[in-house]
2 protein chains.
Amino acid sequence: MASKRRLSADERERLIARGAVAFFCEVGFGGQTRELAKRLGVTQPLLYRYFPNKEALIDRVYREVYLNRWDPRWEELLDDDSRPARERIIAFYRDYAKAVLSYEWIRIFMFSGLRGMNLNSRYLTLVRDRIYTRVIREVRREYGMPSPAEVPIGELEFELVWALHASIFYIGIRKWIYGLEIPENVDEVVEKLATSFLDGVPAVMARALEGAPKTRAARPRRGRERA
Amino acid sequence: MASKRRLSADERERLIARGAVAFFCEVGFGGQTRELAKRLGVTQPLLYRYFPNKEALIDRVYREVYLNRWDPRWEELLDDDSRPARERIIAFYRDYAKAVLSYEWIRIFMFSGLRGMNLNSRYLTLVRDRIYTRVIREVRREYGMPSPAEVPIGELEFELVWALHASIFYIGIRKWIYGLEIPENVDEVVEKLATSFLDGVPAVMARALEGAPKTRAARPRRGRERA
DNA sequence: CCCGCTATCTATCGACCGATCACCCAAATC
DNA sequence: GATTTGGGTGATCGGTCGATAGATAGCGGG
């Protein structure tokens with residue numbers, strides 16, 4: 001009644017994969033194949049025609065959700081010297097927030113983390129290397145501080161960018177995991193958060209830079225610089 | 001070998017409850033009672049002498065973790081007029097971070113959220129009503145803005161405090177869910193985040209207050225005030 | 001030292017769940 | 001319209017898991 005009975009192999013596989021994403025990100029990877037099949041309007045053994053076992057199906061869900069999430073234009077955007085750094089950073093975070101604050105992404109990300117996958121850490125290492133470094137570079141430049149080439153990025157600076165990242169991502173957690181209400185206009189909030197970051201952070205960064213140009217590999221300690 | 005064979009009912013129950021917390025916060029609530037029993041060094045049916053079923057065991061875990069997490073002194077601390085507001089807020093967040101950034105809390109909180117419990121929203125509503133309101137009140141006073149009695153707290157103000165909360169809580173998520181490295185000295189980072197909040201936020205808050213004293217129940221819109 | 005209480009164990013049930021296999025039938029081909 | 005191909009189903013197996021019941025054994029009171 002709902003859909004054609006016989007589909008081409010490709011079509012059916014895509015349908016199953018799409019359904020699996022929706023299903024597992026709702027109930028978690030403990031969800032049963034029979035229940036998934038029911039939602040898809042097919043019988044459970046059919047899943048095993050397209051995927052050798054449940055784990056393969058889950059892998060496919062990961063692939064489906066993790067790939068195609070990264071937008072290579074983000075890096076270009078942050079590198080685009082024709083626009084003011086401030087504007088670029090805000091534009092990036094607005095875009096990033098839009099990509100990341102979705103039911104599927106937030107929940108799959110959490111589920112995979114809790115399951116002990118290292119997908120999260122791999123993804124976030126990418127974010128740190130490709131995004132955070134650029135954001136910090138631009139903030140430094142904007143405020144006349146030394147470039148990362150001159151003074152390597154310190155732990156505290158990464159923490160400050162982490163904090164911005166967190167405050168955006170947590171909006172999604174509040175909504176899609178805790179089930180809380182969030183502001184209607186998320187765009188506006190994200191912009192305000194980025195603005196607040198750009199306004200407030202340089203002071204802290206400057207303080208850190210003047211006293212302690214420490215790299216990630218801890219430098220030898222010789223007494224405490226003033227806080 | 002490991003422990004006495006026969007324990008008193010109370011003792012055994014506490015042992016099971018403690019073990020259940022450790023177990024379920026590691027593997028999630030899908031964990032098997034047999035595995036839990038094995039870790040406790042007892043047989044699986046023994047669990048059912050102390051808890052009628054698995055769900056009751058899980059409920060107990062929730063109770064064990066959620067209760068005793070709230071420190072009533074937090075409110076007193078934030079209300080204590082004898083200390084400068086700035087100092088109080090920083091002291092509170094350092095304390096709060098210490099209470100909240102634990103393996104058990106972070107993971108149980110996430111698991112319960114993903115499971116669709118409303119424990120999270122109930123807990124966080126408490127946090128908002130008891131903590132956020134006080135923080136905002138103090139920030140307002142510190143910077144000579146009208147009190148919440150005069151001008152009700154706006155959505156944006158809550159969002160800013162949410163952001164600070166998020167950036168602290170996310171440190172725990174990074175460590176205990178994603179398995180990432182975090183700074184050795186979390187205390188220091190939390191202090192810097194709170195400081196950065198106190199330095200950067202008032203400007204945004206003031207801007208919001210001057211233009212729009214909106215309550216949580218949306219006020220009628222009549223054109224846009226300047227951003 | 002023996003008895004009774006009960007904490008704990010062994011054995012097992014019934015439902016569930018992932019996976020398999022033999023079979024069916026819709027659609028493409030000639 | 002007969003044949004072939006392969007998408008789809010029904011039935012079922014073996015293992016897992018929550019839960020139960022009866023047997024066992026450690027501890028306290030007399």
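Within every chain, numbering begins at 1; the chains are lettered A, B, ... in the order of the sequence lines, protein sequences first and strands thereafter.
Looking at B/Arg134 and B/Glu138, no side-chain N of the basic residue comes within less than 4.0 Å of a carboxylate O on the acidic one, giving no salt bridge.
The interatomic distance linking B/Ile16 (CD1) with C/dT8 (P) rounds to 8 Å, in whole Å. Whole-Å rounding puts the B/Glu35 CD to D/dG18 P distance at 11 Å. Distance CZ (B/Arg49) to C1' (D/dG18): 18 Å, rounded to an integer number of Å. B/Gln44 has its CD atom 7 Å from the P atom of D/dG18, to the nearest Å. The nearest whole Å value for the distance from the CD atom in B/Glu11 to the C1' atom in D/dG26 is 15 Å. In this structure, B/Leu47 places its CG atom 17 Å from P of D/dA21, rounding to the nearest Å. In this structure, CG of A/Leu7 is placed 17 Å from C1' of D/dT5, rounded to the nearest angstrom. In this entry the distance linking NZ of B/Lys38 with P of C/dC9 reads 14 Å, nearest Å.
The side chain of B/Thr43 places no N or O atom within less than 4.0 Å of a non-bridging phosphate oxygen (OP1 or OP2) of C/dT8. Between B/Arg6 and D/dC27 there is no side-chain N or O to OP1 or OP2 distance below 4.0 Å.
Here the side chain of A/Lys54 is nearest to one of C/dA19, D/dG26, C/dC25, namely C/dA19. Among D/dA11, C/dC9, C/dA7, the nucleotide with an atom closest to any side-chain atom of B/Pro45 is C/dC9. Here the nucleotide nearest the side chain of B/Tyr48, chosen from C/dT12, D/dT20, C/dT10, is D/dT20. The B/Arg34 side chain lies nearest to D/dG18 when the options are C/dG18, D/dG8, D/dG18.
Exactly one residue among B/Tyr96, B/Trp176, B/Tyr66 makes a ring pair (Phe, Tyr, Trp, His ring centres under 6.0 Å) with B/Trp105. That residue is B/Tyr66.
Contacts of B/Phe51 with the nucleic acid, taken as non-hydrogen atoms under 4.0 Å apart, are absent.
B/Ser82 and B/Asp80 are linked by a side-chain donor-acceptor pair at a separation below 3.5 angstrom, with hydrogens and angles left out of the test. In this model, no donor atom of one side chain and acceptor atom of the other lie less than 3.5 Å apart for A/Trp162 and A/Glu157.
Using a 30° and 60° split on the angle between ring planes, B/His165 and B/Phe169 fall in the parallel class, below 30°.
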